[in-house]
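Written out below as structure tokens is the structure these notes cover.
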Amino acid sequence: MDAGHIDQSHTKTMSETPIIIEPDSAPSVRFADFGLAPEILRALSDQGYVHPTPIQAQAIPIVLQGRDVMGAAQTGTGKTAGFSLPIIQLLLQHANPSMSPARHPVRALILTPTRELAVQVAENVKAYARHTPLRSTVVFGGMDMKPQTVILRGGVEIVIATPGRLLDHVEQKNVSLGQVQILVMDEADRMLDMGFLPDLQRIINMLPKQRQNLMFSATFSQEIKKLANSFLTDPVTIEVARSNATADKVTQVVYKVDEDAKRDVVQHLIRQRELKQVIVFSNTKIGASRLSRHLEQSGINAVAIHGDKTQQERMAALESFKKGEIEVLVATDVAARGLDITDLPCVINFDLPYNAEDYVHRIGRTGRAGASGDALSVYSDKDERLLADIEKLIKQTITRGELQGFVPSSSRGSREGAPERGSRRSDSERPSRSRGDSDSSSRSAERYSRPSGPSPRREKVDPWFLKPYEPNASAPPVRRETPASSIKPAKQKLAFLLGGVPK
DNA sequence: AAAAAAC
């Protein structure tokens, strides 16, 4: 298969119909077809990667052209390699701008909404760039500034960061963003949810106006589209069909139980199914800690991860879970997005999420990279509405499971109307599936041609978004010192920002 | 209603 297989004529811009990628399309394209540097291909073959995922097959050539990209893709689709491989290629083939005294100015900046995601993206970038002279590092809060400072001051071409800590480093002059050529916003929708907009705006204002922007978002809401339109220039839109992410590979079951029985039901499910590794999602930090303690008391090796834990605890929890030292990771939505835990066979929702979108993200932790998975949820009467919202979003009715052999705990005065039980039909909850068997042949590539010359850069207009924020005379500009409580919810603020500005 | 993110 040659590079001609990637037909650029199919690319479309925001104003047109987005590219919808069928998840199983173009399986025979190879990384060697993109004209990536031999050093990059070597890093890929180190890891046994030969064939790009659909989003990679689309994104890599487009990013290599220097185009702005709006990518709507779940994690687990290979999104990270989809942007990091071409970024590394572009940095290699374009000269260091080096007007700055730094030998290694920051040339690519990747922003993520959670610290753990930053670490994960950084690990990937480091692996892909390992045979190149490019340096990368990750900076995020909750950790000592000093080691990060030393590395930043030593010079790196690629920085992966959470916004707050990055700004901290900029203020302390540990890093300059004046030479950034490529900006990536990963999980952009999450960033908006989390009220990152003022921070993003400050960071974007520090970047050169002439640059390439890549924005990735799991969802493609109106807000995200507007944000994309506001600071991407003539972007190519890439969208991976969503339905397959939930429908095909993840078997979903919900169990209606008494509110007070939820934790015992979760424990029962873990035991009954002999789950070796499972992430259990809780809506609250306190709930996560309590549930984890409860599970531990009943002899299940569980650890909680949430934003009130120290960063050391968070990282230790994730690491030991990945190593298989822990059976159950009880998490808030800090772990809902982006985290790539290989071969996770099951996730459990201890609480149904308030946002239906988050359900999709949570269950996306399982069934990754072509494997199958189970997503189990417990809910009670008061959650009917949440369940209805979820089913509306995913456009399917989730199987109502019935618990087998569950005995409500007597120690806590079991309440009536507790878990449904009795009829045995649990086998029907686990339809058999076939494992997608991907081609693993690894004949070395014959040709490594690089795209000739630098990509033509278009004249960019200044989007309003890049300009200082001054909604009107009476309202003061957003300052970082503003207490969190006085900052409007992200959506409201975004609507305000977008609404008040002529296109 | 809650989660995340700088000190």
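Here is how names work: the chains are called A, B, and so on, in the same order as the sequence lines, proteins then strands, and each is numbered from 1. Keep in mind that the numbers below use all heavy atoms, side chains included, and drop hydrogens, waters and symmetry copies.
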Checking A:Q172 against A:D168 for the side-chain hydrogen bond (donor to acceptor under 3.5 Å, both in side chains) test, could you report, in this order, the C-alpha distance in whole Å, the side-chain angles of both residues, the deciding distance, and whether it holds? CA-CA 6 Å; A:Q172 299 197 23; A:D168 208 345; 3.3 Å; yes
Taking all non-hydrogen atoms of both residues into account, name the closest pair between A:F83 and A:L214 and its distance.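 Where A:F83 meets A:L214 most closely, the heavy atoms are CB-CD1, 3.8 Å.
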To check you understand the geometry: which heavy-atom pair defines the closest contact between A:R211 and A:D68, and what is its length?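 Heavy atoms only, the tightest pair is O-OD1, 4.1 Å.
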Whole Å only: how far is the [atom1] atom of [X] from the [atom2] atom of [N]?
{"X": "A:L117", "N": "B:dA4", "atom1": "CG", "atom2": "P", "value": "14 Å"}
{"X": "A:I286", "N": "B:dA2", "atom1": "CD1", "atom2": "P", "value": "9 Å"}
{"X": "A:H306", "N": "B:dA1", "atom1": "NE2", "atom2": "P", "value": "21 Å"}
{"X": "A:R314", "N": "B:dA5", "atom1": "CZ", "atom2": "P", "value": "4 Å"}
{"X": "A:Q311", "N": "B:dA4", "atom1": "CD", "atom2": "P", "value": "11 Å"}
{"X": "A:R385", "N": "B:dA1", "atom1": "CZ", "atom2": "P", "value": "15 Å"}
{"X": "A:D389", "N": "B:dA2", "atom1": "CG", "atom2": "C1'", "value": "16 Å"}
{"X": "A:I305", "N": "B:dA2", "atom1": "CD1", "atom2": "C1'", "value": "17 Å"}

Would you say [N] has OP1 or OP2 under 4.0 Å from some side-chain N or O of [X]?
{"X": "A:R190", "N": "B:dA2", "result": "no"}
{"X": "A:R115", "N": "B:dA5", "result": "yes"}
{"X": "A:T162", "N": "B:dA4", "result": "no"}

Within the structure shown, what part of the strands sits under 4.0 Å from A:N283 by heavy-atom distance: base, sugar-phosphate, or nothing?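 Counting heavy atoms under 4.0 Å across all strands, the contact made by A:N283 is with sugar-phosphate only.
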Can you tell if the side chain of A:R400 reaches within under 4.5 Å of the side chain of A:L387, non-hydrogen atoms only?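 When only atoms from C-beta onward are counted, A:L387 and A:R400 do touch, with a gap below 4.5 Å.
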From C-beta outward on [X], which listed nucleotide comes closest to its side chain: [options]?
{"X": "A:T284", "options": "B:dA6, B:dA1, B:dA2", "answer": "B:dA2"}
{"X": "A:T114", "options": "B:dA4, B:dA2, B:dA6", "answer": "B:dA4"}
{"X": "A:E171", "options": "B:dA6, B:dA1, B:dA4", "answer": "B:dA6"}

Can any side-chain N or O of A:D186 pair as donor or acceptor with the backbone N or O of A:T112 at less than 3.5 Å?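 Absent.
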